[in-house]
Amino acid sequence: MTETILRTRLTYEDYCLIPDDGNRYELLEGQLRVTPAPGLEHQHVSKRLFAILLRYFEDGGRGHAFYAPVDVILAEDDVVQPDLVVVLAPAQMSGRGIEGAPAILVEIISPGRAHYDRTVKAQRYAARGVPRYWIVDPEARRLECFCLREGRYALQAAGTGDEAVEVSDFPGLRIPLATLWFGTARSSPSG
């Protein structure tokens with residue numbers, strides 16, 4: 001008689017069986033997490049920052065920028081859907097999504113989820129070798145760009161309000177924060 005074992009961790013295969021019910025699901029260490037739909041402010045910031053990243057990486061021939069929902073398969077038991085993703089290695093893009101740690105993952109904090117993005121997700125991203133993790137806080141009107149060093153994220157660049165953020169890893173990438181915030185003038189983002 002063979003022993004029957006019940007799995008206690010979900011995998012990408014299980015993740016693919018989740019019905020499309022309009023929610024955003026992720027696997028972190030094999031545990032299923034659901035994320036509510038983002039609000040308008042969140043979407044506005046995402047759209048504006050995506051336009052800047054798209055222009056710098058894709059139009060500049062440096063890589064590819066994606067926005068949610070897109071599966072980032074860090075491992076069979078870590079599948080996430082960050083708000084924005086930058087991929088520099090085309091081999092990481094597959095029919096399943098983005099395979100492995102991309103160059104940049106961006107999370108835009110929604111009300112009540114700051115702790116989750118700053119701790120749970122940061123720990124998983126660091127454990128899976130994501131080299132750059134950016135956090136945008138629309139309420140504080142702040143962008144923080146972290147770089148993975150010795151298994152931990154160290155702040156590389158940051159800005160608040162109407163400042164412009166420049167990240168040394170990407171010469172010429174300039175993020176004018178005033179263009180991101182909901183309710184500010186509709187100036188066109190420059191990169």
Side-chain angles (χ1 to χ4, degrees), residues 15 22-29 31-54 56-57 63-75 77-88 92 97-149 151-161 163 165-167 169-170 173 175-177 179-182 189:
Y15 173 82
N23 289 312
R24 252 170 82 183
Y25 292 96
E26 298 180 312
L27 282 183
L28 292 177
E29 291 187 276
Q31 302 302 309
L32 188 63
R33 310 284 178 126
V34 64
T35 303
L40 288 180
E41 182 175 36
H42 182 286
Q43 289 292 77
H44 179 82
V45 171
S46 179
K47 172 180 67 175
R48 292 302 186 105
L49 183 53
F50 176 73
I52 294 168
L53 296 176
L54 183 70
Y56 180 83
F57 288 100
H64 299 274
F66 298 93
Y67 55 86
V70 62
D71 288 340
V72 177
I73 306 158
L74 299 173
D77 63 349
D78 276 322
V79 182
V80 295
Q81 288 191 10
D83 294 304
L84 300 171
V85 182
V86 172
V87 177
L88 301 181
Q92 286 187 278
I98 297 164
E99 309 269 352
I104 304 170
L105 290 182
V106 180
E107 294 288 358
I108 301 165
I109 293 175
S110 294
R113 297 194 49 88
H115 177 76
Y116 181 70
D117 288 337
R118 291 182 177 282
T119 58
V120 176
K121 281 201 167 179
Q123 289 171 357
R124 291 314 308 149
Y125 293 169
R128 294 299 182 186
V130 174
R132 292 167 204 87
Y133 179 39
W134 295 4
I135 298 175
V136 183
D137 185 341
E139 187 175 315
R141 293 185 175 218
R142 182 167 176 77
L143 168 64
E144 296 169 303
C145 303
F146 295 92
C147 186
L148 190 62
R149 292 192 185 120
R152 297 175 57 185
Y153 285 114
L155 188 63
Q156 182 180 31
T160 305
E163 297 173 350
V165 174
E166 296 182 25
V167 182
D169 288 351
F170 304 106
L173 175 59
I175 303 166
L177 298 182
T179 64
L180 302 183
W181 315 129
F182 196 64

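Here, residue 1 is the first one in the sequence, and each next residue gets the next number. Reckoned from all heavy atoms, side chains included, excluding hydrogens, waters and symmetry mates.
Side-chain contact between Val120 and Arg33 is present, with heavy atoms from C-beta onward closer than 4.5 Å. You'll find the side chain of Phe170 reaches within 4.5 Å of the side chain of Arg132, heavy atoms only. Two residues are said to be in side-chain contact when any heavy atoms from C-beta on lie closer than 4.5 Å; Asp83 and Phe66 fail this criterion. By the 4.5 Å heavy-atom criterion applied to side chains, Lys121 and Tyr116 are counted as neighbours. Put simply, the side chain of Leu53 reaches to within 4.5 Å of the side chain of Trp134, judged on heavy atoms. A heavy-atom distance below 4.5 Å is not found between the side chains of Gln43 and Lys47. Put simply, the side chain of Val85 does not reach to within 4.5 Å of the side chain of Ile104, judged on heavy atoms. Between Ile108 and Pro138, the closest side-chain pair of non-hydrogen atoms falls below 4.5 Å.
Of all heavy-atom pairs between Leu105 and Pro82, the closest is CD2-CG, 3.4 Å. Scanning both residues, Ala101 and Pro131, for their nearest heavy atoms gives CB-CD, 4.4 Å. Ala157 and Val165 make their closest contact through CB-CG1, 4.0 Å (heavy atoms, listed as atom of the first residue, atom of the second, distance). Between Leu173 and Ile52 the shortest heavy-atom distance is CD1-CG2, 4.0 Å.
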Leu148 and Tyr133: CA distance, side-chain angles, deciding distance, side-chain contact (heavy atoms from CB on, under 4.5 Å) verdict = CA-CA 8 Å; Leu148 190 62; Tyr133 179 39; over 6 Å; no
Checklist entry - Can you check side-chain contact (heavy atoms from CB on, under 4.5 Å) on Val80 and Arg124, steps first, answer last? => result CA-CA 10 Å; Val80 295; Arg124 291 314 308 149; over 6 Å; no
- Task: Go through Tyr153 and Val130 one step at a time and tell me if the side-chain contact (heavy atoms from CB on, under 4.5 Å) criterion holds.
- Result: CA-CA 10 Å; Tyr153 285 114; Val130 174; 3.4 Å; yes
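A distance of 10.5 Å separates NE2 in His44 from CG in Leu40, rounded to the nearest 0.5 Å. To the nearest 0.5 Å, atom CG of residue Asp77 and atom CG of residue Leu27 are 7.5 Å apart. The SG atom of Cys147 sits 10.5 Å away from the CG atom of Leu155 when rounded to the nearest 0.5 Å. Interatomic distance, CG of Leu180 versus CG of Leu143, reported as 7.5 Å (0.5 Å rounding). With rounding to the nearest 0.5 angstrom, the SG atom of Cys145 is 11.0 Å from the CD atom of Glu166. Note that CZ of Arg118 and CD of Glu144 are 4.0 Å apart. Values are rounded to the nearest 0.5 Å.
Under the 3.5 Å distance criterion, the side-chain polar atoms of Asp71 are left unmatched by any main-chain donor or acceptor of Ile73. Side chain of Ser46 to backbone of His42: no donor-acceptor contact under 3.5 angstrom is found. Listed for the Gln92 side chain is a donor-acceptor partner under 3.5 Å among the backbone atoms of Glu99. Under a 3.5 Å cut-off, the side chain of Glu26 and the backbone N or O of Val34 do not form any donor-acceptor pair.
Under 3.5 Å, the side chains of Thr160 and Arg142 contain a donor-acceptor pair of N or O atoms. Between the side chains of Asp78 and Tyr125, no donor N or O sits under 3.5 Å from an acceptor N or O.
Around the CZ atom of Arg24, the shell of radius 6.0 Å holds more than 12 heavy atoms that belong to other residues, nucleotides or ligands.
Tyr67 is linked by a side chain to side chain contact (heavy atoms under 4.5 Å, CB included) to Phe50, Leu84, counting only residues two or more places apart in sequence or in another chain.
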